[in-house]
Q: 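Can you read through this structure? Questions will come right after.
In each ligand, atom 1 is the first atom listed, and ligand 1 is the first ligand listed.
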Amino acid sequence: MKVFITGGAGYIGSHTALELLRSGHEICVYDNFSNATPEALARVKRLANKDFVQVSGDIRAQDDLVGAMQAFQPDAVIHFAGVKAVGESHADPLKYYDNNVLGSLRLLQAMDQVGCQQIVFSSSATVYGTVHYLPYDEKHPLNPTNPYGQSKLMVERIIQDWCAAKPQASAVLLRYFNPAGAHESGDIGEDPSGVPNNLVPFATQVAVGRRPALQVFGNDYDTADGTGERDYIHVTDLALAHSAGLDFASRHQGCEVFNIGTGQPYSVMQIIQALEQVSGKPIPYALAPRRAGDIARFYAGVEKAKALLNWQAERDIVAICDSAWQWQAQNPQGYSA
Ligand code: NAD
Ligand code: UFG
């Protein structure tokens, strides 16, 4: 299959690009490198031992996008490109609506122009917002509590309407829980710019000595050890969920939404302990107040993905922490070194 990957140089995109190349797909990565480096793609090429098309461009630049798609003639699109920091989305909401919503609109218009009718979209569990019951299944009410989550929900709805208007179109919306970890080689991984927002990259930067200590945001939640619990999904399992999504889209018309997680929550303290074990390094931490907007625990209902995508997570929390550590230890400064 010929797969056009927006944002394919980023964290999840690069791991997905690698898995698609390995399973014999032809790919074109389209990325503006606003949060990624060409080095990630050079490493994907080396690991896959296969070349692929790379285009530097923005999804909002209609002519560039249509030009790249016309040249490549994709059978399907995987759409990762976007911005993703919850805190920043409160401070600069228009950036999120512009990049994520307008960008996705431009992408669907470009797909119409070149006659491509299959899309797999990176949504987020953040579209659920306030918890009514756990685990979140795909029928859980949607109530995102930040502009980032609102932008993801808007795009889901735009894609649903786009799909409903086209009898041949198919769309797979993947609501990721907490992506973490790295490729088993340790050659590609998550390389946040500036201070990491997320637990695992922050903690591995502490373990490698780039930062003095981790702050644990709250230990008075209603959870087993009082710290926040999340459903961490290994980035390679997540990449494979995209392959399963492409396969599903090629066999079904219409729009389907799937949770992508493990169904198993882990606390902040459990992550710290697992990382200390795999790295053999201490991870100093200090207790800090709860982070605004955080909830105590959330995790995925994963039955629908198992039943319809024939996909489930295979890698556990030790594999997540071990691979995250291998990547950090081999690349203490990320790709920039
Ligand atoms: P990332 O920032 O590493 O990857 C996004 C990529 O898109 C980057 O390479 C960036 O340069 C590119 N990009 C951004 N805006 C663009 C534009 N206008 N045109 C072209 N390229 C553009 O992020 P990631 O963690 O790999 O996330 C990928 C997708 O998954 C995002 O849509 C994100 O919202 C979603 N998601 C991520 C998480 C997570 O925790 N990482 C959780 C849920 C959903
Ligand atoms: N945490 C700390 N210290 C840190 C960072 C995080 O204690 O330095 C805690 C948080 O309070 C939370 C847990 O670690 O309890 C996980 O936090 P992350 O920031 O890693 O992940 P979130 O669950 O807050 O957010 C992630 C993505 C969002 C997405 C959301 C729902 O980053 O983009 O999952 O899918 F919206």
Q: Which of the atoms in ligand 1, numbered in the order shown and given with their element, are less than 4.0 Å from a heavy-atom of R60?
A: 18 (N)

Q: List every atom of ligand 1 that sits less than 4.0 Å from any heavy atom of A9, numbering the atoms from 1 in the order shown and giving each element.
A: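 Contacts of ligand 1 toward A9, numbered from 1: 9 (O).
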
Q: At a non-hydrogen distance cut-off of under 4.0 Å, which region of F177 contacts ligand 2 (side chain, backbone, both, or neither)?
A: backbone

Q: In the protein, what heavy atom is nearest to atom 13 (C) of ligand 2, and what distance, to one decimal place, separates them?
A: Y232 OH, 3.7 Å

Q: Heavy atoms only, cut-off 4.0 Å: how does K84 contact ligand 2, side chain, backbone, both, or neither?
A: backbone

Q: Could you say whether the N/O atoms of A81 and ligand 1 ever approach to under 3.5 Å?
A: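 Not met; the criterion fails.
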
Q: Using a distance-only test with no angle check, is there a side-chain donor-acceptor pair under 3.5 angstrom linking T262 and D231?
A: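 Looking only at side-chain atoms, D231 and T262 do form a donor-acceptor pair, the distance falling under 3.5 Å.
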
Q: Just to be sure I'm reading this right: ignoring hydrogens, which of N178, I272, V86 gets closest to atom 22 (P) of ligand 2? Compare them by their nearest heavy atoms.
A: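 It is N178 that holds the nearest heavy atom.
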
Q: Considering heavy atoms of the protein only, find what lies nearest to atom 33 (C) of ligand 1 and give residue, atom and distance to 0.1 Å.
A: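 The closest one turns out to be Y148 OH, 3.6 Å.
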
Q: If you measure from atom 1 (P) of ligand 1 to every heavy atom of N35, T126, D31, which option wins on shortest distance?
A: N35

Q: Starting from atom 37 (C) of ligand 1, locate the nearest protein heavy atom and write down its residue, its atom name and how far away it is, to 0.1 Å.
A: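 For atom 37 (C) of ligand 1, the nearest protein heavy atom is I12 CD1, 3.8 Å.
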
Q: Determine the interplanar angle of the H140 and Y133 rings, folded into 0 to 90°, and report it as parallel if under 30°, tilted if 30 to 60°, perpendicular if over 60°.
A: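 Ring orientation of H140 relative to Y133: tilted.
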
Q: Is there a heavy atom of Y221 sitting under 4.0 angstrom from any atom of ligand 2?
A: no

Q: Nearest non-hydrogen contact with atom 31 (C) of ligand 1 belongs to which option: F33, F121, F80, F177?
A: F80

Q: With respect to atom 18 (P) of ligand 2, which of V200, L287, N198 exhibits the smallest heavy-atom separation?
A: N198

Q: Is the shortest side-chain N to carboxylate O distance from D58 to R106 below 4.0 Å?
A: no

Q: So is S123 close enough to ligand 1, meaning a heavy atom under 4.0 angstrom away?
A: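 Heavy atoms of S123 do come under 4.0 Å of ligand 1.
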
Q: Using a plain distance cutoff, I'd like to know if S124 has any nitrogen or oxygen under 3.5 Å from a nitrogen or oxygen of ligand 1.
A: no

Q: Hey, is ligand 1 close enough to N198 that some N/O pair sits below 3.5 Å?
A: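 No - when backbone and side-chain N and O of N198 are compared with those of ligand 1, no distance drops under 3.5 Å.
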
Q: Side chain, backbone, both or neither: which part of V268 has a heavy atom under 4.0 Å from ligand 2?
A: side chain

Q: List every atom of ligand 2 that sits less than 4.0 Å from any heavy atom of N197, numbering the atoms from 1 in the order shown and giving each element.
A: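 Answer, ordered by atom number: 5 (C), 19 (O).
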
Q: Please work out which of G57, G7, G82, S56 has its closest non-hydrogen atom nearest to atom 14 (C) of ligand 1.
A: G82

Q: Out of G228, P179, S123, S89, who gets a non-hydrogen atom closest to atom 15 (O) of ligand 2?
A: G228

Q: How far is atom 22 (C) of ligand 1 from the closest protein heavy atom, and which atom is that?
A: N32 OD1, 3.1 Å

Q: Only heavy atoms count here, so choose which of K152, R211, Q215, R230 is nearest to atom 12 (C) of ligand 2.
A: R230

Q: For ligand 1, which atoms have a heavy atom of S34 less than 4.0 angstrom away?
A: 10 (C), 11 (O), 13 (N), 14 (C), 15 (N)

Q: Side chains of V83 and N100: closer than 4.5 Å at any heavy-atom pair?
A: yes

Q: Using the six-membered ring wherever Trp is involved, compare the ring planes of F248 and H252 and label them parallel, tilted or perpendicular (cut-offs 30° and 60°).
A: parallel

Q: Enumerate the atoms of ligand 1 whose separation from the nearest heavy atom of N99 is less than 4.0 angstrom.
A: 15 (N), 16 (C), 17 (C), 18 (N)

Q: Any idea which atoms of ligand 2 are less than 4.0 Å away from a heavy-atom of Y176?
A: 35 (O)

Q: Please compare V127, L199, V216, T145 and report which has the shortest non-hydrogen distance to atom 6 (C) of ligand 2.
A: L199

Q: Show the atoms of ligand 1 that are less than 4.0 angstrom away from any heavy atom in K152.
A: 31 (C), 32 (O), 33 (C), 34 (O)

Q: Using a 4.0 Å heavy-atom cut-off, which part of T126 comes near ligand 2: side chain, backbone, both, or neither?
A: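 The answer is both, backbone and side chain.
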
Q: Please could you name the atoms of ligand 2 that L214 approaches to less than 4.0 Å, counting only its heavy atoms?
A: 8 (O)

Q: I need the atoms of ligand 2 closer than 4.0 Å to a non-hydrogen atom of S124, numbered in the order shown.
A: 29 (C), 31 (C), 35 (O), 36 (F)

